[in-house]
Amino acid sequence: MNGAESLVHTLIACGIDTVFANPGTSEMHFVAALDRIPGITCVLCLDETVASGAADAFWRVNRRPAATLLHCGPGLGNALANLHNARRGRSGIVNIVGDQATYHRPLDAPLTADTEGWARSISGFLRTATSAATVGRDAADAVAAACTGTIATLILPADTAWTEGGVIGAPRPVVARPVPAAATIAAVADVLRSGEPAMLLMGGRTLNDATLRAASAIVAGTGARMLAEVFNARMERGQGRPPIERIPYPIDAAIASLAGIKHLILVEAKAPVGFFAYPGKPGPLAPADCAIHVLAPIDQDGSAAIAALQAALGVTAVDIAVTPKPAPDTGAIAPEAVATSLAALLPADSVIIDEGISFGRGFSRFTHGAAPHTWMQVPGGAIGGGLPMAIGAGVALAGSGRRVVAIQADGSAMYSIAALWTAARRQLDITFVILANRKYAILLHEYAGVGANPGRTAMDMLDLGNPDLDFVKLAEGMGVAGAQAADMKTLNALLAASFERKGPFLIELLTI
């Protein structure tokens with residue numbers, strides 16, 4: 001058994017059944033082993049950024065890691081933006097990066113890079129295999145780390161893969177996330193009993209139905225408020241589930257959402273700060289006289305902490321009002337109209353991938369009445385995550401009958417448009433909705449936020465026209481059927497039809 005074969009056997013033994021791959025020469029023995037040894041689904045991606053973004057969403061749907069297969073340091077470099085998003089979303093990924101053979105690396109061949117240095121910025125676990133005999137052990141350690149919700153990068157020099165002497169690694173026990181101490185629960189309970197204005201800021205894995213119900217009971221019983229972070233990895237939403245709003249993205253609105261709060265209680269969340277620095281605006285969003293309390297840091301079990309806090313306060317469950325499902329909107333194209341139609345037509349148990357950026361920023365406020373669904377964002381802010389995430393969610397849900405709906409801004413779609421090819425190749429049940437305003441609208445907002453004064457050259461750099469992008473033709477060129485909508489009636493018909501079909505479909509919605 002060579003090192004590559006021991007790697008595949010170890011991955012299977014540790015529960016890895018999916019690899020999102022963009023391989024190269026250094027990884028050919030691993031590819032050959034994947035071919036010979038059944039048990040792992042191999043999903044070919046045409047760019048490493050698609051592979052890494054797909055692995056991110058696979059974790060978010062299944063709460064178990066997939067593996068990536070990346071080609072040397074430059075391949076890892078291509079994947080870094082979406083690995084950054086995955087790190088911010090606390091996703092578990094086994095990130096396998098091929099590399100030069102150990103004895104070839106000192107020769108400084110063209111693809112030689114500081115692979116460890118590039119990996120260090122996004123990895124909670126990092127190791128370079130030193131021999132075929134250690135590959136299985138290294139892989140088992142990497143999977144155990146990834147199962148805790150971190151990116152575990154294993155760098156695989158080519159000779160450690162092709163050399164005989166591989167040993168299958170035994171699965172490691174997965175360390176459970178710690179529960180906050182009883183003293184912490186008691187201290188936060190005292191804060192909530194004080195009667196001073198308080199807010200629960202929810203993040204991480206706490207945005208699930210059961211935890212939000214417990215948090216709703218705390219809010220109702222104490223007079224506190226609750227919000228979610230600006231960007232979240234996964235939220236359970238829809239009819240019958242507790243509606244929770246997020247801190248707004250625009251700096252002034254974000255500051256206003258926290259005004260008057262004397263106690264901010266963090267539950268798997270960070271103290272909120274502005275996405276960027278803005279002249280004359282504060283960096284921290286909470287009021288200067290607001291005390292920050294950590295109920296559960298991001299590496300602890302916030303759901304268990306909320307349950308314990310509810311018990312300590314002695315507050316009982318409250319009924320969750322059902323938000324009525326709206327009718328599809330047939331008025332002019334506008335963010336609230338599109339969100340209303342989405343809420344009206346969305347199939348139950350769908351997964352929404354939200355990279356709507358500017359036009360889609362307010363969609364969540366108008367979709368509480370949709371059928372129960374899961375909502376995923378791009379927590380790291382590195383644009384281009386949406387289409388790859390749709391691939392990972394589609395693979396995770398393959399055969400389940402559940403639909404993925406990717407709400408995607410046009411400019412950021414072009415960062416990872418190759419994801420459409422994988423959607424067609426795998427016949428994934430995804431509806432892509434491209435919000436085509438033909439400009440980098442988010443940057444137009446940011447110009448105002450930072451107080452800059454754009455001229456003709458600057459405006460040209462924010463314009464996606466001349467020529468206009470044709471997403472229907474781009475999709476069809478990669479095997480995905482599509483159609484364009486220029487009014488709400490057409491959008492409603494296309495959405496409804498896409499939700500009934502098998503395989504991917506793209507809608508280009510003209511929002512200009």
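For the residue pair E48 and S52, no side-chain donor N or O sits within less than 3.5 Å of a side-chain acceptor on the partner. T148 and R177 share no side-chain donor-acceptor pair at under 3.5 Å. If you check the side chains of T150 and R90, you find no donor sitting under 3.5 Å from an acceptor. For the residue pair E245 and H368, a side-chain donor N or O sits within less than 3.5 Å of a side-chain acceptor on the partner. A donor and an acceptor atom, one from each side chain of N95 and T68, are located under 3.5 Å apart. Side chains of T323 and Q239: a donor-acceptor N/O pair is absent below 3.5 angstrom, by distance only. Using a 3.5 Å distance cut-off with no hydrogens or angles, the side chains of N82 and T49 do pair a donor with an acceptor. Between the side chains of R403 and T431, at least one donor-acceptor pair of N or O atoms lies under 3.5 Å.
Residues satisfying the ring pair (Phe, Tyr, Trp, His ring centres under 6.0 Å) criterion with F275, sequence neighbours excluded, are F231, Y249.
Separation of atoms CD1 (I352) and NE2 (H373) is listed at 4.5 Å; rounding is to 0.5 Å. If you take CD on E268 and CE on M202, they are separated by 8.5 Å, rounding to the nearest 0.5 Å. The distance from the CD1 atom of I298 to the OG1 atom of T206 is 12.5 Å, given to the nearest 0.5 Å.
Side-chain atoms of D209 and P242, non-hydrogen and from C-beta on, do get closer than 4.5 Å to each other. For the pair V433 and L495, the minimum side-chain heavy-atom distance is below 4.5 Å.
Ion pair R402/D349 not flagged as a salt bridge, since none of the NZ, NE, NH1 or NH2 atoms sits closer than 4.0 Å to an Asp/Glu carboxylate oxygen. Salt bridge K281/D252: present, at least one basic N to carboxylate O contact under 4.0 Å.
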